[in-house]
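Proteins get letters first, then strands, A, B, ... in listed order; numbering begins at 1 in each. Note that the structure is a prediction, hence the values are computed from the model and not measured.
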Amino acid sequence: MYSLTEGALDKIMNGVEVEKPILQILGHKKLSSSSSGERYRLLVSDGKRVNSFTMLATQLNSMITDNILTEFSICQINRYAISMVNNGGKQKRVMVILNIDMKVPGEQVGQKIGNPTNAEPDGDSKSTPGQSAQTVQQGSLMPKYNVQQTSTSDIATTPIVALSPYHNRWVIKARIVSKSGIRTWSNSRGEGKLFSMDLVDESGEIRCTAFRDQCDKFYDMLEVDKVYYISKATLKSANKQFNNLKNDYEMTLTGDSEIIPCHDAGNDIPSLQFDFIPISDIEQKQANDLIDVLAIVKSCSDLQMLVSRNTGRDMKKRNVNLVDESNIMVCLTLWGTQAEEFNRSDNPVLAIKGARIGEFNGGKNLSTLSSTVIQIDPDIPAAHKIRGWFNTLGHNEETKSLSRTFENMSESTGSLITFAEAKANNLGEKGVDVYTVKATINLLRSENALYRSCPSENCKKKVIDQANGMFRCEKCNKEYPNFNYRLLGNVSLADWTDNLWVTTFNDEAEKILDATAPELGELKDNDNDVFLEKFGSATFKSFIFKIRAKMETFNEENKLRTTCIGIIPIDYRAYNKHLIAKIKELTGIDNA
DNA sequence: CCCCCCCC
């Protein structure tokens with residue numbers, strides 16, 4: 001049987017280091033007020049005193065959730081740090097447990113050892129015995145951390161979990177687990193550039209940002225996966241809207257900040273802390289939540305190029321279907337170079353930190369952000385476990401996907417709906433809805449079908465003829481000597497239940513015009529409006545249209561805007577005369 | 001002091 005280290009708590013709470021004390025756990029409490037995820041506060045005893053100013057480092061949370069640190073269990077505290085907190089206007093010491101071994105499980109001990117009483121750990125003079133008085137006095141003059149030294153260096157470091165804006169004399173020893181590129185900004189308050197990085201040590205994690213001069217000074221020397229000593233940076237409250245790390249604070253480098261590479265870092269600084277959730281849990285999460293998942297790539301799409309309707313920018317994306325042992329699938333969208341480079345059909349395991357949950361068409365999906373970290377086939381036990389599951393069972397399993405994508409919509413049978421159903425279900429009125437219909441084109445509107453657009457690569461805005469040989473783009477705020485003609489297709493689609501005006505842009509407009517009106521009319525230039533004099537008449541060929549419907553406000557009025565975002569020609573002979581007659585009757589349009 | 005992170 002282990003005996004408890006009697007007197008350890010009094011010493012620790014008065015700033016005296018105690019080597020690997022043996023303590024008994026008497027209970028725990030989840031702190032719900034923390035905005036930085038779950039934290040656990042422990043009630044511990046050394047047989048003489050009980051102490052509730054004890055916290056568990058967040059990466060040890062699983063020892064509570066997995067029922068390891070149960071009531072009465074006897075544990076050895078291998079490493080701890082003292083953090084000063086403000087408790088009702090008073091500085092109070094809190095012991096943060098960084099490394100703990102369970103020695104005897106609670107059910108074997110079965111009872112409280114000894115008759116411990118409440119400790120008075122805050123250095124009240126009457127409870128402060130001689131040897132610690134000096135420490136306490138120092139502490140009141142200048143906040144000081146009492147931290148065990150790291151094993152391999154002479155620099156006394158502070159655990160990240162103990163950092164706060166109220167203290168500035170600290171050195172952390174941390175690993176860079178991710179680093180952004182350099183980004184510039186320009187707004188009403190000024191302009192500049194910045195990069196940010198995420199730091200971890202064995203106690204926790206924190207985001208660190210460098211602006212302007214510091215950006216230049218530090219960017220090149222800092223490498224992902226390497227360990228550094230960092231000091232003299234400032235701390236401020238983290239904005240949880242943009243920062244998902246488990247820390248209430250974030251760090252900003254200043255002109256005084258010092259960063260020194262640590263070449264002899266052993267395994268004491270972890271690489272990256274994940275907080276994996278099963279894919280099946282994503283369904284219950286909110287859109288925009290950031291999550292970590294460990295999953296197998298079940299399939300992955302080709303690289304897709306598209307033009308953002310909002311910004312006009314060209315984008316590259318790739319969809320990746322992920323599964324885990326919950327046997328639920330979710331679609332993850334990769335962007336830019338990450339999408340380009342990720343072309344794998346070999347079912348790698350991905351450990352993903354900080355993917356964002358999105359909502360589309362009533363399904364949930366994941367998307368990467370610039371801060372998302374993806375490790376491919378990480379060498380961790382959980383990754384080997386999921387690999388084993390996939391190789392033996394998972395690869396054969398039928399999988400249900402949480403995501404609604406074009407791919408899995410047109411695959412599944414019965415996904416076609418009619419316009420009557422779309423209207424009856426108010427599709428597009430509560431956000432973006434995408435659906436597929438089998439329909440025909442019964443009318444093309446020729447006005448503005450062809451317009452003069454901005455010639456700059458990422459802009460599609462209509463230009464204004466300045467009558468001096470120049471064309472002005474309001475969006476780019478620039479004049480150009482040239483322009484590009486672009487297509488805008490306004491078509492009335494009809495099926496046997498109803499009809500709908502739909503707008504098509506660019507590629508989709510071309511596809512529709514190619515398919516239905518190959519003999520484009522003459523170009524006419526009438527002041528600033530360019531239009532086609534006549535279209536070839538639409539024939540009653542049928543197509544599968546992918547429709548994007550969304551209620552939007554224009555001219556201060558809410559209007560349903562429907563856009564065609566995909567078109568698949570199908571054999572027009574499938575349409576019979578009866579159907580054509582029905583469409584004519586319904587729409588009053590006779591193009592035949 | 002940023003805070004953008006996209007598409008259907």
[N] [atom2] sits how many Å from [X] [atom1], rounded?
X	N	atom1	atom2	result
Y435(A)	dC8(B)	OH	C1'	14 Å
K364(A)	dC8(B)	NZ	P	21 Å
D216(A)	dC1(B)	CG	P	20 Å
L366(A)	dC5(B)	CG	P	17 Å
N365(A)	dC7(B)	CG	C1'	10 Å
L253(A)	dC2(B)	CG	P	16 Å
L290(A)	dC4(B)	CG	P	14 Å
K193(A)	dC4(B)	NZ	C1'	18 Å

Any idea which of [options] is nearest the [X] side chain?
X	options	value
F360(A)	dC8(B), dC7(B), dC2(B)	dC8(B)
S370(A)	dC5(B), dC8(B), dC1(B)	dC5(B)
R548(A)	dC8(B), dC3(B), dC7(B)	dC8(B)
F211(A)	dC1(B), dC8(B), dC6(B)	dC1(B)
K317(A)	dC7(B), dC3(B), dC1(B)	dC7(B)
W185(A)	dC6(B), dC5(B), dC2(B)	dC2(B)
L369(A)	dC2(B), dC5(B), dC8(B)	dC5(B)
R212(A)	dC8(B), dC7(B), dC1(B)	dC1(B)

- [ ] Look only at the side chain of S203(A) and the backbone of I160(A), and say whether a donor-acceptor pair between them is shorter than 3.5 Å.
- [x] yes
- [ ] Determine yes or no for a side-chain-to-main-chain donor-acceptor pair under 3.5 angstrom, with R175(A) supplying the side chain and D225(A) the backbone.
- [x] yes
TODO: For F419(A), check ring-ring contact (aromatic ring centres under 6.0 Å, His included) against everything at least two apart and list the hits.
DONE: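 Result, ring-ring contact (aromatic ring centres under 6.0 Å, His included) vs F419(A): none returned.
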- [ ] Remember a base hit wins even if backbone is also touched, and classify E250(A) as base, sugar-phosphate or nothing at under 4.0 Å, heavy atoms.
- [x] base
Open item on the list: Classify K316(A) by what it touches in the nucleic acid, base, sugar-phosphate, or nothing, heavy-atom distance under 4.0 Å.
Closed with: nothing
- [ ] Tell me whether the centres of the aromatic rings in Y219(A) and F195(A) are closer together than 6.0 Å.
- [x] yes
State whether [X] places a side-chain N or O below 4.0 Å from either non-bridging phosphate oxygen (OP1 or OP2) of [N].
X	N	answer
S367(A)	dC6(B)	yes
R356(A)	dC6(B)	yes
N187(A)	dC2(B)	yes
R189(A)	dC2(B)	yes

Open item on the list: Walk me through whether R207(A) and E250(A) qualify under salt bridge (charged side-chain N to carboxylate O under 4.0 Å, His left out).
Closed with: CA-CA 5 Å; R207(A) 178 154 301 162; E250(A) 56 193 33; 6.0 Å; no
TODO: Could you tell me whether the side chain of E191(A) has a donor or acceptor atom within less than 3.5 Å of a complementary atom in the base of dC2(B)?
DONE: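 Checked by distance alone, the answer is no.
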Task: Aromatic ring of F242(A) stacked on base six-ring of dC3(B), 5.5 Å, 30° - done: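 Aromatic stack with dC3(B) present for F242(A).
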Open item on the list: Going by side chain to side chain donor-acceptor pair (under 3.5 Å), N327(A) matches just one of E397(A), K400(A), E398(A). Which one?
Closed with: E397(A)
